[in-house]
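Below, read A as the first sequence line, B as the second, and so on, with proteins coming before strands; counting in each chain starts at 1.
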Amino acid sequence: MSKTVRTRFAPSPTGFMHVGNLRTALYEYLIAKSLGGTFVLRIEDTDQERKVEGAVDIIYNTLRRAGLIHDEGPDIGGNYGPYVQSERKDMYLPYAQELIKKDKAYYCFCTKERLDMLRENSDEPGAGYDRHCRDLPAETVEENLRNGVPYVIRQKMPLEGSTTFEDAVYGTITVENSELQDQILIKADGFPTYNFANVIDDHTMNITHVVRGSEYLSSTPKYNLLYEAFGWDIPVYVHLPLIMGKNDDGTISKLAKRHGATSFDDLVNNGFLPEAIINYIALLGWAPKDNREMFTLSELTECFSIDGISKSPSVFDYDKLEWFNGEYIKTMTVEKFAEVCEPYFKKALGDKQLDSIKLASILQQRTTKLTDIPEKIAFFAEQPDYDKELFVNKKSKTTLENVPSLLKAGIDALEALSSWDHDSIHDCLIGLAETLGVKNGTAMWPVRIAASGMTVTPGGAVEILDILGREEALKRLHKGLEKLS
RNA sequence: GGCCCGGUGGUCAAGCGGCUAAGACACCGCCCUUUCACGGCGGUAACACGGGUUCGAUUCCCGUCCGGGUCACCA
C-alpha cells in the first residue's frame with residue numbers, strides 16, 4: 001500500500017500572484033491530481049512585518065479563477081490544520097528545542113548589530129555567520145535565558161562531510177556541509193523562519209512531494225539535515241526551472257515588472273483568459289509526450305507527469321500567450337464570447353446599444369487580446385473624421401474618379417431595400433457589383449470606407465452596415481458622398 | 001567571489017549513441033478574400049566551444065565559455 005500523494009501550495013501573502021508562483025501551484029495541483037492525491041493550500045505568513053491587507057483573498061481568488069481547487073486549506077479546513085502558519089506559531093518552538101537536545105541546534109544571543117558588523121567587515125561576499133554562539137558554555141546559555149536576553153535558535157550544521165539528496169527533476173545533488181550556514185530556525189520574535197516552518201509543516205501535514213522553484217535547490221541540503229535530525233521520512237523533491245523575462249539588451253533575468261505583466265491579475269486585466277494563461281504556463285517548463293499544445297486543466301491532469309518537466313529556465317513569451325488566447329477565444333460560442341466582451345463593448349460604445357452577438361461574431365476571429373476590442377469598434381459609436389483619400393485603393397480598383405458614382409449607386413441600391421439585414425445587404429451589394437460589371441471589392445470598398453471612416457475594420461461592408469442599422473448607415477454613406485463632391 | 005543548476009533556431013520545445021535534428025509561436029512569401037483577420041500552402045532559422053570514450057556523438061565523460069540560482073532574524 002503506497003501512501004496517498006499530498007502536495008501543497010504554500011504562498012506568502014504578498015498581495016499579488018506572480019506567474020511563477022501560479023505555475024508552481026499548477027504543477028503541485030497536477031502532480032497531486034494526476035496521482036489521485038490531495039492538494040493542500042497553506043499560507044506562509046511568518047514574516048509579520050510584511051503582512052499585506054487582503055493578500056490572502058487574492059490567493060483564493062486566483063486559485064479559484066484558475067481552477068486550481070484545493071482539498072484542504074484555511075478556508076475549508078482539513079485534518080491537518082490550522083493551515084495558516086501564524087496560527088501554528090506555538091508548534092515550532094518545541095521542535096526547535098528538541099533539536100537543541102539532540103545537539104543539532106543551539107541558542108544564539110548575537111545581536112543584529114553584531115551580525116551587521118560582521119557582514120560589513122567581511123571582504124568576501126557571503127561570508128556568513130561566524131558561529132560565535134555555537135559552543136557557548138551551558139551555564140552562559142542558562143544565565144542568558146534566565147535574564148531574558150533575546151535569542152534566536154540556529155541549526156548546527158556539520159562542519160565536515162557532505163549532504164546528498166535526490167531531486168525528481170534534477171537528479172542527484174551533493175553539497176559540502178562546509179558550505180552550509182548555521183541558519184536561523186526560530187527568530188527573535190518567536191516566529192519560525194520560512195525554512196524551518198516549511199519542514200515542520202510539510203512533515204506534520206504529511207506532504208509527500210515538495211514542489212517548488214529551483215531557487216531552493218541549493219538550500220535543500222539544510223532541509224534534509226533537519227529531516228534526518230528528527231528521524232523523519234524525506235519527501236520527494238520536485239524543483240521547477242525558473243520563469244525568466246527577456247531584457248531590452250537581449251539578456252534574461254527572473255521575470256519582473258519591467259518585462260510586462262507578471263501577475264495573474266495583471267494578465268487578466270491585459271485581456272488574457274484564465275484558461276489561456278493556465279494552458280500557456282503549463283507548457284513553460286513541461287512538455288507532453290506527444291506534440292499537443294491545447295490542454296484544458298482536466299486534460300493536463302490526465303497527461304501530466306514529472307518526467308516531462310525540464311531543467312532549464314524558460315523565457316515568458318507574451319506573443320505565444322496571445323496566440324493561445326486567440327485560440328481559446330475562437331473555440332468559445334459566440335454567446336459566451338459576447339459575454340466576456342461586454343465590459344469592452346461598454347468601454348467603446350458607452351450607452352449606444354448595438355447587437356452584441358453580431359459585434360462578437362465579427363471580432364471573434366480577429367481578437368487575441370480582449371483589451372484590443374475597444375479601439376477596433378470605436379468607429380461604430382462615433383465615426384472618425386477621415387480623409388477622402390481613404391476611398392482610393394489600388395487593389396480594389398477604386399479612384400477618386402470612380403468612387404462617387406460607385407458610392408451613389410450603392411446608396412441607391414441600399415435605399416431601395418425593403419428589409420435591412422445581413423443577407424439582404426449582402427445580396428444587394430453583390431448584385432450591384434454584378435450589374436455594374438465590377439469586382440465585388442470595387443463596389444464594397446467605397447461603401448465600407450464611408451460607413452466606417454477606416455481602411456481597416458473588423459468585418460466587411462455588409463457586416464458594418466448591418467450592425468450600424470439602416471438609418472445611421474445611410475446617413476454615413478450620404479456624408480461620404482458629400483465629402484467627395 | 002564560493003557553492004549549486006543549466007546551455008537544441010529569436011522564443012517554447014521534442015530528442016535520451018546511428019534522424020535529411022520534429023512540432024508550436026514569431027517572422028517572410030504565396031493562395032483564399034469585401035479591408036483586416038481567420039484558414040490553406042511554402043520558406044528563413046538551432047545542437048555554445050575544445051578535448052576525450054566509441055565503428056559512430058546533439059545524446060556519455062572532462063575542461064572552457066556563457067547564462068541562471070543561492071549565500072538574511074525574506075519567503
NZ or CZ of [X] within 45° of [Y] ring axis and under 6.0 Å:
| X | Y | value |
| --- | --- | --- |
| R154(A) | Y129(A) | yes |
| K483(A) | F391(A) | no |
| R212(A) | Y223(A) | yes |

Looking at every strand, decide which applies to [X] at a 4.0 Å heavy-atom threshold: base, sugar-phosphate, or nothing.
| X | result |
| --- | --- |
| K289(A) | nothing |
| S312(A) | sugar-phosphate |
| K246(A) | sugar-phosphate |
| H18(A) | nothing |
| S452(A) | nothing |

Measure from [atom1] on [X] to [atom2] on [N] and round the result to the nearest Å.
| X | N | atom1 | atom2 | answer |
| --- | --- | --- | --- | --- |
| N198(A) | rC73(B) | CG | P | 17 Å |
| L240(A) | rC4(B) | CG | P | 22 Å |
| K311(A) | rU59(B) | NZ | C1' | 13 Å |
| F191(A) | rA72(B) | CZ | P | 22 Å |
| Y280(A) | rC12(B) | OH | P | 8 Å |
| L93(A) | rC73(B) | CG | P | 18 Å |
| E322(A) | rA24(B) | CD | C1' | 16 Å |
| W323(A) | rA24(B) | CH2 | C1' | 6 Å |

Consider the side chain of [X], meaning its heavy atoms from C-beta on, and name the nucleotide among [options] that approaches it most closely.
| X | options | result |
| --- | --- | --- |
| D319(A) | rC25(B), rC73(B), rG2(B) | rC25(B) |
| D317(A) | rG10(B), rU34(B), rG68(B) | rG10(B) |
| E179(A) | rC3(B), rG7(B), rG69(B) | rC3(B) |
| L242(A) | rG68(B), rC73(B), rG23(B) | rG68(B) |
| A461(A) | rA37(B), rC25(B), rU34(B) | rU34(B) |
| K395(A) | rA24(B), rC4(B), rC36(B) | rC36(B) |
| V456(A) | rC36(B), rU34(B), rG39(B) | rC36(B) |
| S314(A) | rA13(B), rG39(B), rU35(B) | rA13(B) |
| K187(A) | rA37(B), rA75(B), rC25(B) | rA75(B) |
| V462(A) | rC36(B), rC38(B), rU34(B) | rU34(B) |

Give me the distance, rounded to whole Å, that separates [N] from [M] when you measure between the [atom1] atoms they each carry.
| N | M | atom1 | value |
| --- | --- | --- | --- |
| rU44(B) | rC30(B) | C1' | 15 Å |
| rC49(B) | rU8(B) | P | 11 Å |
| rC3(B) | rC62(B) | P | 16 Å |
| rG9(B) | rA48(B) | C1' | 13 Å |
| rU59(B) | rU53(B) | P | 15 Å |
| rC19(B) | rC60(B) | P | 16 Å |
| rA21(B) | rA57(B) | P | 15 Å |
| rA75(B) | rG69(B) | C1' | 15 Å |

Any donor-acceptor pair under 3.5 Å from N325(A) side chain to A276(A) backbone:
no

Mark yes or no for a side-chain to base donor-acceptor pair under 3.5 Å between Y129(A) and rA72(B), with no hydrogen or angle criteria applied.
no

Side-chain-base donor-acceptor pair under 3.5 Å for R448(A) and rU34(B):
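No.
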
Below 4.0 angstrom, N of the basic side chain to O of the carboxylate: do R8(A) and D202(A) qualify?
yes

S396(A) or T111(A), whichever maps to the more 5' nucleotide of RNA chain B:
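In this pair, the answer is S396(A).
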
If you find the nucleotide of RNA chain B closest to T455(A) and the one closest to V152(A), which residue's nucleotide is nearer the 5' end?
T455(A)

Give a yes or no on whether the ring-centroid distance for [X] and [Y] is below 6.0 angstrom.
| X | Y | answer |
| --- | --- | --- |
| Y170(A) | Y237(A) | no |
| Y280(A) | Y318(A) | no |
| Y27(A) | W286(A) | no |

Measuring to OP1 and OP2 of [N], would you say a side-chain N or O of [X] lies under 4.0 angstrom away?
| X | N | value |
| --- | --- | --- |
| S310(A) | rA13(B) | yes |
| T14(A) | rA75(B) | no |
| N440(A) | rU34(B) | yes |
| K320(A) | rC27(B) | no |

Pairing check on [N]: which nucleotide meets the Watson-Crick or G-U wobble criteria with it, both distances under 3.5 Å?
| N | value |
| --- | --- |
| rC60(B) | rG52(B) |
| rG17(B) | none |
| rC41(B) | rG29(B) |
| rA22(B) | none |
| rC74(B) | none |
| rC66(B) | rG6(B) |

Passing option when Q183(A) is tested against L226(A), L225(A), V152(A) for side chain to side chain contact (heavy atoms under 4.5 Å, CB included)
L226(A)

